[in-house]
Amino acid sequence: MPQDGAVLSRRLVELFRWIDPGPDSTHLVSDLSGWWRDPAVLAEVGPALAALFPDARPTVVVAPEVTGLLLGPLVAVAAGAGFVPAYKDGGERHRVGAMRWAETPPDHRGRRLRVGVDDRRLEPGDRVLLVDDWVDTGAQLDALHRVVRDAGAVVVGTAALVATCPPEVAARLRLRALLDGDRLPEG
C-alpha cells in the first residue's frame, strides 16, 4: 500500500543517520543506507520524487553517480521515462566512447569535479528531470544543467530527497525536495 507524502517524509527522517568517519575527518557524513534497506521507502521514493513534477513529462531522468545510479532508475520508472547516468571523471570506471562533460563550481568541500553523460544518450529536444539524493551547493547539478543544455535538451526540473541549499540555488535549479535539512536530526 503506497504511503502518503507525510508518512514517507517521516520515515525518511526516522531512518536517517549521521556518522563520524573517524579522526581524520573534519565533518560528519550522511548515512542514507537505512532508506535503501526499508522496502516501503524503496518502493515509494521514486514515485514521490516523480510526483514533485506532475506535469513535466520528462523523456529522460539524469542522476549523478553513486547514489543516483540507484535513485535515478526508480524515478525514471515512476515517471515513464528513460534513465541516463551521469558519471564523475576520474572514477574507478573508465568511460568508453564520446562523453559530454562539464566542470562543477566548487562543491561543499571546495572541490571541482567534471561530470558527464554518454553523448549518445541525450538527444536534442529531450525533456530532462535531474535527480539527486542531496543538494547542498548544487555544484554537480549546475554542471549537469550545462551538459543538458549543450546537448540541445531542456531541464524540466530537479528533484531531490534532501535540500540544504540556499533558496537562490533552489530557484536556479528549479529544485523541489521531499525534505529540507531542518527536518533531519542535528549532525
Side-chain angles (χ1 to χ4, degrees), residues 2-19 27-38 40-58 60-81 83-86 88 104-109 113 115 127-148 154-187:
Q3 302 177 50
D4 68 32
V7 172
L8 176 60
S9 293
R10 187 170 50 253
R11 191 70 182 134
L12 291 171
V13 171
E14 290 169 358
L15 294 169
F16 177 82
R17 300 287 178 263
W18 290 105
I19 56 174
H27 60 280
L28 299 174
V29 296
S30 58
D31 176 10
L32 311 181
S33 63
W35 296 351
W36 314 134
R37 176 60 179 92
D38 186 289
V41 169
L42 197 58
E44 293 300 317
V45 74
L49 287 170
L52 294 174
F53 291 90
D55 300 321
R57 299 177 326 279
V60 67
V61 168
V62 173
E65 67 175 328
V66 171
T67 306
L69 299 181
L70 166 68
L71 193 56
L74 295 173
V75 177
V77 167
F83 172 67
V84 174
K88 297 172 188 169
T104 69
D107 68 8
H108 65 283
R109 293 184 192 149
L113 305 170
V115 295
R127 297 176 53 77
V128 178
L129 179 60
L130 296 177
V131 171
D132 208 349
D133 58 347
W134 196 294
V135 180
D136 186 43
T137 66
Q140 290 183 62
L141 295 165
D142 278 326
L144 287 174
H145 266 261
R146 286 192 306 280
V147 167
V148 168
V154 61
V155 174
V156 296
T158 304
L161 292 172
V162 180
T164 55
C165 60
E168 60 274 9
V169 172
R172 183 178 68 242
L173 296 173
R174 293 187 303 269
L175 173 67
R176 297 178 189 163
L178 296 180
L179 296 173
D180 64 38
D182 295 340
R183 299 255 335 259
L184 297 174
E186 291 288 320

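Throughout, numbering of the chain's residues begins at 1 and tracks the sequence.
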query: When you measure from the side chain of Arg183 to the backbone N and O of Leu178, does any donor-acceptor pair fall under 3.5 Å?
result: no
- prompt: If you measure from OG1 on Thr164 to CG on Leu184, what distance do you get to the nearest 0.5 Å?
  reply: 8.5 Å
Arg176 side chain vs Leu52 backbone, donor-acceptor pair below 3.5 Å: yes
message: Could you go through Phe16 and Trp36, starting from their C-alpha distance and side-chain angles, then the distance that decides it, and tell me whether this counts as ring-ring contact (aromatic ring centres under 6.0 Å, His included)?
response: CA-CA 11 Å; Phe16 177 82; Trp36 314 134; over 10 Å; no
message: Let's go through Trp18 and Ser30 carefully: what are the C-alpha distance in whole Å and the side-chain angles of both, what is the deciding distance for side chain to side chain donor-acceptor pair (under 3.5 Å) to 0.1 Å, and is it a yes or a no?
response: CA-CA 5 Å; Trp18 290 105; Ser30 58; over 6 Å; no
field: Verdict with supporting geometry, Cys165 and Asp136, side chain to side chain contact (heavy atoms under 4.5 Å, CB included)
entry: CA-CA 4 Å; Cys165 60; Asp136 186 43; 5.6 Å; no
query: Tell me, do Asp133 and Leu32 make a side-chain contact under 4.5 Å, heavy atoms counted?
result: yes
task: Could you walk me through whether Val13 and Leu179 pass side chain to side chain contact (heavy atoms under 4.5 Å, CB included), step by step?
output: CA-CA 8 Å; Val13 171; Leu179 296 173; 3.9 Å; yes
query: Under the 3.5 angstrom rule, does the side chain of Glu65 hit a backbone N or O of Ala86 as a donor-acceptor pair?
result: no
field: With sequence neighbours excluded, residues passing side chain to side chain contact (heavy atoms under 4.5 Å, CB included) with Arg127
entry: Arg57, Thr59, Val154, Val156
field: Backbone of Val135 reached by a side-chain donor or acceptor of Asp132 within 3.5 Å
entry: no
message: Among Val77, Leu71, Val131, which residue satisfies the side-chain contact (heavy atoms from CB on, under 4.5 Å) criterion with Val61?
response: Val131
message: To check you understand the geometry: which heavy-atom pair defines the closest contact between Leu129 and Ala159, and what is its length?
response: CD1-N, 4.3 Å
message: Using a 3.5 Å distance criterion without hydrogens, assess whether the side chain of Thr104 forms a donor-acceptor pair with backbone atoms of Pro106.
response: no
query: How far apart are the closest heavy atoms of Leu173 and Thr158, and which atoms are they?
result: O-OG1, 2.8 Å
field: Considering all heavy atoms, the nearest Ala76-Phe83 contact
entry: CB-CB, 4.0 Å
- request: Identify the heavy atoms of Ala78 and Ala50 that sit nearest to each other, and give their distance.
  value: CB-CB, 3.9 Å
statement: Nearest heavy-atom contact between Arg11 and Asp38 is NH2-OD2, 2.9 Å
Nearest heavy-atom neighbours spanning Pro64 and Leu144: CD-CD1, 4.1 Å
